[in-house]
Amino acid sequence: MKITWLGQLSLLIEAEGVTLMVDPYLTDSIYERVGEDYRRLVPLKPEYLNSRPDGILLTHDHSDHLDVPSLKRLLAQDRPVPVLAGANAWEKARTQVGGPHNYVRMAPGTEWTLGPVHIRAVSAFHSDPTALGYVITAGGKTLYVTGDTLFSRELIRQVDQEVDILIAVVNGLGNNMNGTDAARLAEGLGAKVSIPAHWGLFAKFADTPEEFLAACRERKLRTYAPGIYEQVDADCLLKGERT
């Protein structure tokens, strides 16, 4: 399994010959609509817009997670692609993006199998009441992407399996966990390695992963904070090797 963080909670996941994208925000559409506060601090890499993923996972209906221009580019293909989403994101994607694709309305506890990759939706406690996180299993590795969420012990109860890699929101704004609570989640899950996300993309926010990294150090939890566009090899990461 290889994971590339694309900024915010945008991820490119390659596992067992299957390519997934989570919450692809690959344009500057929010800046174009709202203004300077939402200019990207990390330049776009247009080559990611030319990707042809085998599946797309949307955690919720906020424009830095469900970016219609990005989805229209990624889904400009004739083969049907499954697009998994909670109810609000599902409705927006299927009506505003459309095409021949299979829009699947997910909810906590629902599951989807895509070849050798297994995807399970879990709750996320966010301002979009239909927000989700995803537990992704492939090649004997389990990745948990929290989605935008506050901390809740219910997340630990629902995940209910060994987590190799946790990707957690840590910015503590907009109804998201702060770094300390994200570390509490990592500890409660017993995650082998945790990666902080949802920080460092927009000029408006001075968000960093430092609170999370410090809280994990206090708990003696393993972390890795990749740069945007850095590809992480799960096997190497879990072995403590350079990725």
K.L.:
In terms of the angle between their ring planes, are Y229 and Y48 parallel, tilted or perpendicular, with boundaries placed at 30° and 60°?
P.N.:
parallel

K.L.:
Is any side-chain heavy atom of D78 less than 4.5 Å from a side-chain heavy atom of P100?
P.N.:
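Contact flag for D78/P100 side chains = no.
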
K.L.:
Which heavy-atom pair separates V18 from P116 by the least distance, and what is that distance?
P.N.:
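Residues V18 and P116, closest heavy atoms: CG2-CD, 3.8 Å.
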
K.L.:
Could you measure the distance from the CG atom of D128 to the NE2 atom of H62? Nearest 0.5 Å is fine.
P.N.:
5.5 Å

K.L.:
Would you say the side-chain atoms of R73 pair up with the backbone N or O of P69, donor to acceptor, closer than 3.5 Å?
P.N.:
no

K.L.:
Are any of the side-chain heavy atoms of R52 and T19 separated by less than 4.5 Å?
P.N.:
no

K.L.:
Is any side-chain heavy atom of I195 closer than 4.5 Å to a side-chain heavy atom of W5?
P.N.:
no

K.L.:
Okay, side chain of S70, backbone of L26: is any donor-acceptor separation there less than 3.5 Å?
P.N.:
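It does hold such a pair.
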
K.L.:
Determine whether M177 and T146 satisfy the following criterion, side chain to side chain contact (heavy atoms under 4.5 Å, CB included), listing intermediate values before the conclusion.
P.N.:
CA-CA 10 Å; M177 292 182 287; T146 65; 4.3 Å; yes

K.L.:
Would you check, one step at a time, whether the test side chain to side chain contact (heavy atoms under 4.5 Å, CB included) holds for L6 with Y25?
P.N.:
CA-CA 8 Å; L6 305 175; Y25 179 68; over 6 Å; no

K.L.:
Run the numbers on R184 and E187 for salt bridge (charged side-chain N to carboxylate O under 4.0 Å, His left out), then give the verdict.
P.N.:
CA-CA 5 Å; R184 292 173 62 208; E187 184 175 42; over 6 Å; no

K.L.:
If I take atom CZ from residue F125 and atom CG from residue L150, how far apart are they, to the nearest 0.5 angstrom?
P.N.:
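With rounding to 0.5 Å, CZ (F125) is 9.0 Å from CG (L150).
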
K.L.:
Would you find more than 12 non-hydrogen atoms of other residues, nucleotides or ligands less than 6.0 Å from R33 atom CZ?
P.N.:
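Yes.
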
K.L.:
What are the two closest non-hydrogen atoms of D67 and P24, and how far apart are they?
P.N.:
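Residues D67 and P24, closest heavy atoms: CB-O, 3.7 Å.
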
K.L.:
Show, in sequence, the C-alpha distance, side-chain angles and deciding distance for L58 and L71, and conclude whether the side chain to side chain contact (heavy atoms under 4.5 Å, CB included) test is met.
P.N.:
CA-CA 10 Å; L58 302 174; L71 291 175; 4.2 Å; yes

K.L.:
Please name the pair of heavy atoms, one in L201 and one in G7, separated by the smallest distance, quoted to 0.1 Å.
P.N.:
CD2-C, 4.4 Å

K.L.:
Do the side chains of Q161 and T142 get nearer than 4.5 Å, heavy atoms only?
P.N.:
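Side-chain contact under 4.5 Å: yes.
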
K.L.:
Which atom pair, heavy atoms only, marks the closest approach of L166 to A191?
P.N.:
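L166 and A191 have their closest heavy atoms at CB-CB, 3.9 Å.
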
K.L.:
Run the side chain to side chain contact (heavy atoms under 4.5 Å, CB included) test against V68 and tell me which residues pass, sequence neighbours left out.
P.N.:
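V68 satisfies side chain to side chain contact (heavy atoms under 4.5 Å, CB included) with L66, K72, K92, Q96, V97 only.
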
K.L.:
Distance-only, no hydrogens or angles: does the R40 side chain make a donor-acceptor pair with backbone N or O of T27 under 3.5 Å?
P.N.:
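Such a contact is found between R40 side chain and T27 backbone.
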
K.L.:
Report yes or no: do L173 and V169 belong to one cluster of Ile/Leu/Val/Met/Phe/Trp/Tyr joined by side chain heavy-atom distances under 4.5 Å?
P.N.:
yes

K.L.:
Got a donor-acceptor contact below 3.5 angstrom from the Y103 side chain to the G98 backbone?
P.N.:
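Yes.
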
K.L.:
Going hydrophobic residue to hydrophobic residue with side-chain gaps under 4.5 angstrom, can you get from M1 over to L189?
P.N.:
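Yes: a chain of side-chain contacts under 4.5 Å links M1 to L189.
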
K.L.:
Checking the side chain of Q158 only, and the main-chain atoms of S123 only, is there a donor and an acceptor separated by less than 3.5 Å?
P.N.:
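Answer holds: yes.
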
K.L.:
Please lay out, stage by stage, how Y134 and I13 fare under the test side chain to side chain contact (heavy atoms under 4.5 Å, CB included).
P.N.:
CA-CA 13 Å; Y134 291 102; I13 301 166; over 6 Å; no

K.L.:
Compare all side-chain heavy atoms of E162 with those of K192 and state whether any distance is below 4.5 angstrom.
P.N.:
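Touching, per the 4.5 Å side-chain cut-off.
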
K.L.:
Please check this pair: side chain of R105 against backbone of E91, looking for a donor-acceptor N/O pair closer than 3.5 Å.
P.N.:
no

K.L.:
Do you know the tightest heavy-atom contact between D233 and K2?
P.N.:
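So the two residues come closest at OD2-CE, 3.5 Å.
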
K.L.:
Check R79 with D54, please: is the shortest side-chain N to carboxylate O separation under 4.0 Å?
P.N.:
yes

K.L.:
Mind telling me whether Y38 and F202 have parallel, tilted or perpendicular rings, with 30° and 60° as the class edges?
P.N.:
perpendicular

K.L.:
When you measure from the side chain of D207 to the backbone of G200, do you find a donor-acceptor pair of N or O atoms at a distance under 3.5 Å?
P.N.:
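The answer is yes, because a donor-acceptor pair under 3.5 Å joins these two groups.
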
K.L.:
With heavy-atom distances below 4.5 Å as the criterion, would you say the side chains of L9 and H65 are in contact?
P.N.:
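The answer is yes, as the side chains (C-beta and beyond) meet within the 4.5 Å cut-off.
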
K.L.:
Taking all non-hydrogen atoms of both residues, which atom of F212 and which atom of S194 are closest, and how far apart?
P.N.:
CZ-CB, 3.7 Å

K.L.:
Can any side-chain N or O of T130 pair as donor or acceptor with the backbone N or O of N88 at less than 3.5 Å?
P.N.:
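Checked: pair present.
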
K.L.:
Counting C-beta onward and ignoring hydrogens, is there a side-chain heavy-atom pair between E211 and T180 closer than 4.5 Å?
P.N.:
yes

K.L.:
Hey, quick one: are I30 and L41 part of the same hydrophobic cluster, counting side-chain heavy atoms closer than 4.5 Å, chains of contacts allowed?
P.N.:
no

K.L.:
Applying a strict under-4.5 Å side-chain criterion to I, L, V, M, F, W and Y, I'd like to know whether L155 and I119 cluster together.
P.N.:
yes

K.L.:
Quick one: does R222's side chain have a donor or acceptor within less than 3.5 Å of a partner on L238's backbone?
P.N.:
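Judged by distance alone, yes, a pair lies under 3.5 Å.
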
K.L.:
Under 4.5 Å between side-chain heavy atoms, hopping through other hydrophobics if needed: is there a path connecting L11 to L74?
P.N.:
yes

K.L.:
Can R39 and E36 be counted as an ion pair, charged N to O under 4.0 angstrom?
P.N.:
yes

K.L.:
Does some side-chain heavy atom of E14 sit less than 4.5 Å from a side-chain heavy atom of L12?
P.N.:
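A side-chain contact under 4.5 Å exists here.
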
K.L.:
Do side-chain atoms of T110 reach the backbone of M106 as a donor and acceptor pair under 3.5 angstrom?
P.N.:
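Checking the backbone N and O of M106 against the side chain of T110, no donor-acceptor pair under 3.5 Å is found.
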
K.L.:
With Q8, which of D23, N171, D64, D148 fulfils side chain to side chain donor-acceptor pair (under 3.5 Å)?
P.N.:
D64

K.L.:
Any chance the side chains of S127 and N175 put a donor and an acceptor closer than 3.5 Å?
P.N.:
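Judged by distance alone, the side chains do not pair up.
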
